[in-house]
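Throughout, a chain's letter reflects where its sequence line sits, starting with A, and its residues are numbered from 1.
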Amino acid sequence: MPKHTEEKEITVGFIGNPNCGKTTLFNAFTGANLKVANWPGVTVERVEGSTTYKGRTIKLIDLPGIYSLASYSIEEKVSRKCIMQENIDVVVNVVDASSLERNLYLTLQLLEMGKPVILALNMMDIVEERGMEIDLHRLPEMLGGIPVVPVSARKRTGLDVLLHAVLHHYEEGVKDRVVHYEPELEAAISRTEENLKKYYGELVHSRWYAIKLLEQDEEIIQYYPKAAVAADINYEKQIIHQKYNYIDEIVEDTLFNKESKAQATDKVDKYLTHPVWGVPIFLGIMALVFFLTFTVGDFLKGYFEIALDWFSGAVSGLLIKLAVADWLQSLLVDGIIAGVGGILTFLPNIFILFLALAFLEDSGYMARVAYVMDGIMGMLGLSGKAFLPMVLGFGCTVPAVMATRALEKEKDRKRTILITPFMSCSARLPIYVLFADMFFGKYAMLAAYSLYLAGVLAAIGIALVINHFDRGKTEGTLLIELPEYKSPNARTIAIYVWEKVKDYLTKAGTTIFIASIILWFLLNFNLQGMTEHVADSFGAEIGKILEPVLRPAGLGMWQIGVALISGISAKEVVVSSFSVLFGIGNINSAAGMTELTGILESVGFTALNAYALMIFCLLYTPCAATIATIKKETHSWKWTLGMVLFQLVFAWLAAVLVYQIGGLFL
Amino acid sequence: MIATIVIAGIITVAAIAAAVKRVRDFRNHRYCAGCSRCAGGMNADGNRGSCHK
């Protein structure tokens, strides 16, 4: 490769919103030259590569996908630091042309920084497919005369034109001031610029620094504290608002035939993200999810029950034929098959739950939930962002706790970690399905749904109490992308559901398998060896210690104590414990349920006791995997154990209240 | 007697393998790290975990 030493290497920074096709474009240029490097001191990756055009070497830096140049997230800080301080000659702002409104906010911020910017209008093929048109003469005019180059990273079109623009414009800044704020704001910017000049001399990007100071950007205030004193009012909201007003003007002037799909999204969003109706609609949708989980799931599980009955009978027959020792027959049939098999019969319910959640996510609705909940979360001293981990908690608490990393403030993060386990995860579903079906008959679905609501209310209530005693500044403005609604993609949904089903099967084959063996041992042995009377076993001894503690909650049976302890390994184990404890082969079948209901009713266990039990299971200590994750995320055993203890006490109090108050009416 | 020993052996090995797998899975599994690139695990299409499996 010829090296042109007489001409300086041009460094280009690629920047854009997440998923705007930036990396596809970057890869189209760099191909095999790609290398990955870490920024010093931060974990965010940036990618470097290079290409040549007309004999000039062009170094390309791919920056993290961001929505703005604020300093809320690590990615934002890294990107703007790179643009301001690194030797970047020109910024290529990759924009998803099919979502101009969303992408231009970052563009306007980049233009304010004063560096040469080239707008790469990516996904133009999609714009054309959708029948939209962009006025490519008017758009550059409205963006201060910067080059605007239509490209398609996917089809590799427009790439040479983009490099040509880089070569010709890398030394040109923005010709005109792009955003003209209202006079009051412009006056404040001028005043701050004067202060900057007075205290710090002539700055290259003084207007950008002045705007950041008026937005009370913590990082810039640290650099220029004297100028910040003059900018004592926070103008952030006005600046954002006026920028979006200008974006509306640009879109109005340059985008034609805005497609019907986008218009339909706007129409649907009028209802789904309505300030008043948004929350009731969300609750209605979740009710529909649980209705399907119960009705369709129950229909499918009949086949699993038949298979389990057949399998259990076949294994039993084989073991007798092979003259296997009685204890081993008991371990296999009453312990492992009853425990693991019992859990597998709930697979249809789990399948339907995740199918419905996948449908909601892929259609674009789930992203709106955080937006809808922003107001309520604000009252709790948390941002709508905190609701995202809580939504994930409907699936599994482990990734939900990890997702709290999106919250920048440690205090907000810990509060969210504290309340996330109250969101009813899929592992609790078998408990609800079993006990609601056994004791609530045709109202089973309603009983189970009330538990999901109780979980959300418990989380909100606790956050409210914490906020009452510890008021503090919360996360900043919620910036979240609301994608267009679309027909869910069958492949995406199939992958999502398969991952979840695989997780469930893995859990059944590992955690529940081991828990069933341990439980069988505890229920069949005592200090003298194997016992035929379960009431004399180790398990009974342990359960009896808990019996008086659980009695006020209507759960004063040693078997329940054992099942609840076992449930700490995984919540489904509560159900498999009931199988093993009461020796019921197929607990989820009609016969199994009738048998268990008969046993429980004979000792005075009613629908009220069942509801108290479900409340306790909803709220008590999360599973071992969640506890380990909380420790990993908080780096504190003290905090983790404190949280476990708090949830145990809270669950006990809630169950006692339900049982005692319910007892007054029933 | 032989059948008992063989089956008990299989169960023991399976239990140990299950315990090892559970611990290893937990240590190695890359859940969504909530890096905020996709707003707490959800990308622009409203899917989550597109970058981590």
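Between A:Ile517 and B:Ile11, the shortest heavy-atom distance links the atoms CD1-CG2, 3.9 Å. Nearest heavy-atom pair across A:Phe513 and B:Ala18 is CD2-CB, 3.9 Å. When all heavy atoms of A:Leu332 and B:Ile7 are compared, the closest pair comes out as CD1-CG2, 3.6 Å.
Note that NZ of B:Lys21 and OG1 of A:Thr511 are 10.5 Å apart. Values are rounded to the nearest 0.5 Å.
Neither the backbone nor the side chain of B:Ile5 comes within contact range of chain A; no heavy atoms are under 4.5 Å apart. Using a 4.5 Å cut-off between heavy atoms, A:Ala325 contacts chain B through both its backbone and its side chain. Within the 4.5 angstrom heavy-atom criterion, no atom of B:Ala17 approaches chain A.
Residues B:Ile2 and A:Leu322 have side chains not in contact (no heavy-atom distance under 4.5 Å, counting atoms from C-beta outward).
Applying the side chain to side chain contact (heavy atoms under 4.5 Å, CB included) test between B:Thr4 and each of A:Val324, A:Asp326, A:Leu319 identifies A:Val324 as the sole match.
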